[in-house]
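Below: one structure, written as structure tokens.
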Amino acid sequence: MLKIEKLSYQVQGQNLVDNVSFQLPAPCRVAIVGLNGAGKSTLLNLIAGTIKATMGHIGFNQFMPSEQEYFEQCGYQAADMSAFSHLTGREYLELSCQLKNICDLSAIDKVVKVWDLQQLEIPMKKLSQGNLRKLMIAQAFLGEPKLVLLDEPSQALDPVEQQRFIDNIQQAGKYTLCLFSSHHINESVEIADYVLMFHHGKLIAQLALSDKQQLWLTSRLSLSSMQKLLPDLQVQCTHTNHSIYLYRVKLTPNYENDFVTQQLKCADSQYQLLGSSKNALMPLFTLLANQKL
Ligand SMILES: Nc1ncnc2c1ncn2[C@@H]1O[C@H](COP(=O)(O)OP(=O)(O)OP(=O)(O)O)[C@@H](O)[C@H]1O
């Protein structure tokens with residue numbers, strides 16, 4: 001399990017990651033979405049241990065990012081691909097194996113095959129952006145780590161490679177916790193079991209995409225009014241800007257969407273149902289982009 005507790009990262013008094021807490025089971029596939037500058041890369045850097053949190057705690061299977069065991073269980077593809085650019089792809093994969101104490105070099109053959117890596121004998125600086133990205137993603141999977149962090153992995157991949165990425169992550173998600181940032185909502189919906197939505201460094205929604213027994217809505221009703229209106233349901237306010245609230249409502253078999261919408265129609269003419277499960281993602285993201293949250 002990946003457990004993040006009250007995580008913050010400050011630079012010059014500004015919270016780039018702001019009091020973030022969540023837990024994710026392993027294995028599973030998780031997309032991190034949010035507008036440009038929301039803090040997705042910063043969060044991945046913190047989890048990878050390349051930067052140190054100002055406050056809070058990160059734990060994966062009892063290990064922390066500062067420990068060698070954590071490093072060996074964690075594969076990371078950073079957004080910045082300039083490091084080691086003088087090495088050939090093969091030299092880079094061999095070095096990665098050394099750093100992670102992977103003695104069986106057949107691990108390299110495996111990722112070369114799964115990711116269909118080409119041009120392994122030329123310096124990485126001569127690779128196209130897409131082929132370089134593929135190499136960096138592949139190295140994150142060396143030795144089948146239990147936690148894989150990918151920063152905008154599908155950026156620069158052509159359509160064939162994008163599909164390979166989707167197929168491979170779906171497969172890898174059976175044995176590893178894959179956490180990836182993405183600007184592609186369709187891709188996130190297709191691959192992910194969970195979506196973490198970030199806004200101004202804050203985690204504003206954690207969606208379990210396979211869970212159909214919940215729905216997301218915005219309303220002008222306060223949390224206490226909403227709880228009075230839906231007393232038999234678990235109602236959680238995940239975000240507010242003081243005039244509009246974002247709610248997660250956990251349905252029970254006796255109370256379906258229709259019941260909730262009927263109740264809301266009477267009480268709040270301005271509510272907006274964002275949908276449930278996978279349908280929720282695009283409307284939520286549109287709300288974000290329009291800065292209504
Ligand atoms: N070293 C730094 N010093 C100061 N500010 C920084 C630093 N690194 C990042 N930031 C700022 O932190 C915020 C979050 O950046 P981050 O790269 O994590 O966002 P992101 O969600 O990954 O964005 P994008 O989708 O554009 O890649 C941005 O406003 C960025 O300008």
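When a ligand or atom number is given, it counts from 1 through the structure's own listing order. On a predicted model such as this, the values are computed, not experimentally measured, just so you know.
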Discussion item. Between S106 and D104, is the side-chain hydrogen bond (donor to acceptor under 3.5 Å, both in side chains) condition met? List the steps.
Written reply: CA-CA 5 Å; S106 67; D104 181 1; 2.8 Å; yes
List, for ligand 1, each N/O atom that has a protein N/O partner under 3.5 Å away, with both atom names and the distance.
unit_1	atom_1	unit_2	atom_2	d
ligand 1	18 (O)	S41	N	3.4
ligand 1	18 (O)	T42	N	2.9
ligand 1	18 (O)	T42	OG1	2.5
ligand 1	19 (O)	G39	N	3.2
ligand 1	21 (O)	A38	N	3.1
ligand 1	21 (O)	G39	N	2.9
ligand 1	21 (O)	K40	N	3.0
ligand 1	21 (O)	K40	NZ	2.8
ligand 1	22 (O)	S41	N	2.9
ligand 1	22 (O)	S41	OG	2.9
ligand 1	23 (O)	G37	N	2.8
ligand 1	25 (O)	N36	ND2	3.2
ligand 1	25 (O)	K40	NZ	2.7
ligand 1	25 (O)	H183	NE2	2.9
ligand 1	26 (O)	N36	ND2	2.9
ligand 1	26 (O)	G37	N	3.4
ligand 1	27 (O)	E152	OE2	3.1

Worksheet item: With sequence neighbours excluded, what pairs up with Y271 under the ring-ring contact (aromatic ring centres under 6.0 Å, His included) test?
Response: none
Item to complete: Taking ring-ring contact (aromatic ring centres under 6.0 Å, His included) as the test, write out the residues that go with Y9, two or more places apart.
Response: none
Item to complete: Decide, yes or no, whether a salt bridge links K110 with E144 under the criterion of side-chain N to carboxylate O below 4.0 Å.
Response: yes
Worksheet entry | Note: D268-R220 ion pair, threshold 4.0 Å (strictly below) | no
Discussion item. My understanding is that only residues two or more places apart in sequence, or in another chain, count here; which of them pass side chain to side chain contact (heavy atoms under 4.5 Å, CB included) with Q98?
Written reply: L95
